[in-house]
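What follows is a set of notes on a single structure, which appears directly below.
Keep in mind that the numbers below use all heavy atoms, side chains included, and drop hydrogens, waters and symmetry copies. Small disclaimer: the values here were computed from a predicted structure and weren't measured. Sequence lines set the chain letters: A, B, ... in the order given, protein chains first and strands last, and positions in each chain run from 1.
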There are 2 protein chains.
Amino acid sequence: MNKPPEKAPPDPGVRERLLASAIDCFDRKGYAACSVREIVEAAGVTKPVLYYHYGSKEGIFNALMRQAMDQFDELLERASHSEGSARDRIEKLFGEVFDLFKRSIPLVRVMNSIYYGPPQGVPRGDADRVHFAFQEWVKKRLVEGRNAGEFKIAKTEDAMWALIGALNVATELELCHPDLALTQKDLQRVVGVVFDGIASEEGRAPRRAAKRR
Amino acid sequence: MNKPPEKAPPDPGVRERLLASAIDCFDRKGYAACSVREIVEAAGVTKPVLYYHYGSKEGIFNALMRQAMDQFDELLERASHSEGSARDRIEKLFGEVFDLFKRSIPLVRVMNSIYYGPPQGVPRGDADRVHFAFQEWVKKRLVEGRNAGEFKIAKTEDAMWALIGALNVATELELCHPDLALTQKDLQRVVGVVFDGIASEEGRAPRRAAKRR
DNA sequence: CCTTACCTACCTACCGGTAAGTATATTCGC
DNA sequence: GCGAATATACTTACCGGTAGGTAGGTAAGG
């Protein structure tokens with residue numbers, strides 16, 4: 001990270017450098033074990049600069065979370081306009097979510113540790129909202145697929161949890177063992193096991209290849 | 001927590017009180033955001049007592065992890081002597097693991113946050129070993145079930161991840177939303193969706209009720 | 001002149017860990 | 001059996017360092 005020239009004009013990249021430095025630090029140590037001093041040093045500025053731009057240590061954390069939520073919201077928004085069979089649409093969204101996660105591993109690791117783990121002094125923010133939105137989206141597709149004769153489902157929530165579990169397990173393997181991580185093809189096969197479990201007779205037709213973007 | 005009488009004979013319960021206090025604090029705030037001072041105050045002793053018994057802050061954390069690993073090892077050991085169809089055995093172990101987790105939520109929450117999240121200054125310890133042992137166990141049962149004609153599996157790992165995903169998603173819901181947590185029956189049904197996805201024709205016989213202990 | 005962006009120096013509080021000591025129980029040597 | 005030595009379990013007071021945050025100031029741009 002380059003240190004800006006002393007007393008030069010305002011540095012347009014400070015905010016971004018602080019964010020990058022913060023997520024790197026939070027990912028390596030967790031929120032509570034990261035000091036503001038370390039974050040600003042890596043960004044090449046002084047401590048009050050962080051307070052100037054983000055208000056507090058928690059402020060910069062919230063900015064990172066907001067960034068992540070916005071990206072996820074966009075994905076969901078696009079997915080609500082997608083077309084195809086229920087299965088295809090779910091597979092497509094799962095593939096895109098998995099891609100997004102793979103591109104944002106440090107952020108995902110930090111977010112998950114706050115959502116499923118101890119709070120460490122920061123609130124969960126909007127995490128509940130996006131989790132529930134995702135669950136609702138999947139459930140809606142399952143209901144549509146059942147109504148269209150694609151699935152035979154006794155209880156929608158069961159199928160939803162089985163599907164989300166498949167996506168989560170792939171994500172978590174990426175978090176704890178990047179060397180053993182599943183590929184997109186792997187994920188689609190694991191999700192495919194779940195789909196096989198809910199497929200109706202007509203839904204058991206030979207499986208299409210999952211569409212990629 | 002009762003404070004021991006001043007200058008009384010050695011207190012036999014100090015170690016346990018410290019452990020209970022530590023897991024409570026780690027669960028509420030995470031490892032790094034918990035201070036030794038807070039842990040010992042809640043246990044009704046002074047700081048050097050923790051260092052006397054456990055050597056360091058990390059020492060008491062490791063003692064907690066060891067406890068958890070031991071419990072899990074016992075479960076796996078017992079499960080390797082269980083009998084029944086592959087599916088029954090997997091369902092039984094999953095039910096017992098889920099029960100153990102439900103009885104140890106604070107510990108599970110802390111362990112997961114270290115395993116899947118940023119390290120926070122403590123090593124992962126034996127977590128890899130138990131995760132891999134569990135995966136191996138499930139995989140073995142799947143192979144047995146396939147060889148016995150119970151399952152029709154293209155790739156064992158896919159089915160394993162789908163099953164473990166189902167167990168994990170139930171566990172994680174417990175961690176982040178105890179108010180919405182799945183019951184044992186819920187879990188068995190979610191796992192059942194996965195089993196439906198790998199069942200062979202004969203394996204599609206009407207499902208037995210999962211045995212409870 | 002005002003606003004924006006940043007700096008140096010500092011604040012209070014607290015961190016993990018330790019030194020030196022005390023109290024009690026047990027063991028050892030006589 | 002008795003006193004000294006040792007082991008165990010705990011205390012008060014302290015160490016050096018650092019945590020998040022702030023006061024007061026300067027420089028550049030509009």
Exercise for the section: Return the residues of residues 55-68 of chain B meeting this criterion: a heavy atom under 4.0 Å from some atom of DNA chain C. Order them by number, or give none. Expected result: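 B:S56, B:K57 - these, ordered by number, are the residues of the stretch whose heavy atoms sit under 4.0 Å from the strand.
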
Return all side-chain donor-acceptor pairs below 3.5 angstrom for residues 67-77 of chain A, not counting sequence neighbours, or 'none' if the list is empty.
| from | atom 1 | to | atom 2 | distance (Å) |
| --- | --- | --- | --- | --- |
| A:D73 | OD1 | A:R129 | NH1 | 3.2 |
| A:D73 | OD2 | A:R129 | NH2 | 2.8 |
| A:E77 | OE2 | A:H81 | NE2 | 2.9 |

Euclidean distance, atom [atom1] of residue [X] to atom [atom2] of [N] [Å, nearest integer]:
X	N	atom1	atom2	result
A:Y51	D:dG24	OH	C1'	17 Å
A:L18	D:dG20	CG	P	14 Å
B:Y54	D:dC10	OH	C1'	15 Å
B:Q120	C:dG16	CD	P	13 Å
A:E38	D:dG20	CD	C1'	15 Å

Got a sec, which residues hit side chain to side chain donor-acceptor pair (under 3.5 Å) with [X], two or more places apart in sequence or on another chain?
X	result
A:Y115	A:D128
A:R28	A:D24, A:E38
A:D186	A:T183, A:R189
B:K102	B:E174

Practice task
Could you tell me which residues satisfy side-chain contact (heavy atoms from CB on, under 4.5 Å) with B:A22, sequence neighbours excluded, listed by chain and number?
Solution key: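 B:A22 satisfies side-chain contact (heavy atoms from CB on, under 4.5 Å) with B:F26, B:I39, B:I60, B:L64 once adjacent residues are dropped.
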
Practice task
Please check the phosphate of C:dC6 (OP1 and OP2 only) for any side-chain N or O of A:T46 closer than 4.0 Å.
Solution key: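 No, outside the criterion.
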
Exercise for the section: Tell me whether the OP1 or OP2 atom of C:dA5 has a side-chain N or O from A:Y52 closer than 4.0 Å. Expected result: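 Yes, because at least one side-chain N or O of A:Y52 sits under 4.0 Å from OP1 or OP2 of C:dA5.
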
Problem - Minimum-distance nucleotide (side-chain atoms of A:V36 versus D:dG20, C:dG17, D:dC10) - result: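 Nearest to the side-chain atoms of A:V36, counting from C-beta on, is D:dG20.
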
Practice task
Among the candidates C:dA19, D:dG20, D:dC10, find the nucleotide nearest to the side-chain atoms of B:H53.
Solution key: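 Of C:dA19, D:dG20, D:dC10, D:dC10 is nearest to the side chain of B:H53.
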
Exercise for the section: Measure centre to centre between the rings of B:F134 and B:F94, then say whether the value is under 6.0 Å. Expected result: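 Centroid separation for B:F134 and B:F94: below 6.0 Å.
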
Exercise for the section: Identify, with sequence neighbours excluded, every residue that meets salt bridge (Lys or Arg N to Asp or Glu O under 4.0 Å) alongside B:R89. Expected result: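 Per chain and number, B:R89 pairs via salt bridge (Lys or Arg N to Asp or Glu O under 4.0 Å) with B:E144.
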
Problem - Residues that A:K155 engages under salt bridge (Lys or Arg N to Asp or Glu O under 4.0 Å), provided they are two or more places apart - result: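 If we apply the salt bridge (Lys or Arg N to Asp or Glu O under 4.0 Å) test to A:K155, skipping adjacent residues, the hits are A:E157.
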
Shorter than 3.5 Å, N or O on both sides, protein versus nucleotides 10-14 of chain C: list them out with atom names.
none

Problem - Pairs flagged by ring pair (Phe, Tyr, Trp, His ring centres under 6.0 Å) wherever residues 162-187 of chain A is involved - sequence neighbours left out - result: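 Every ring pair (Phe, Tyr, Trp, His ring centres under 6.0 Å) pair that includes a residue of residues 162-187 of chain A, provided the two are not neighbours, is A:H177-B:F132.
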
Practice task
Give one of base, sugar-phosphate or nothing for A:V49, where a contact means two heavy atoms less than 4.0 Å apart.
Solution key: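 The answer is sugar-phosphate, as A:V49 gets under 4.0 Å only of primed atoms, P, OP1 or OP2.
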
Problem - Per-nucleotide pairing state of DNA chain D [Watson-Crick or G-U, under 3.5 Å; [ ] pseudoknot-crossing; | other strand] - result: ||||||||||||||||||||||||||||||

Practice task
Would you tell me whether B:T171 and B:N168 have side-chain atoms, one donor and one acceptor, within less than 3.5 Å of each other?
Solution key: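 No, because no side-chain N or O of B:T171 sits under 3.5 Å from a partner of the opposite role on B:N168.
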
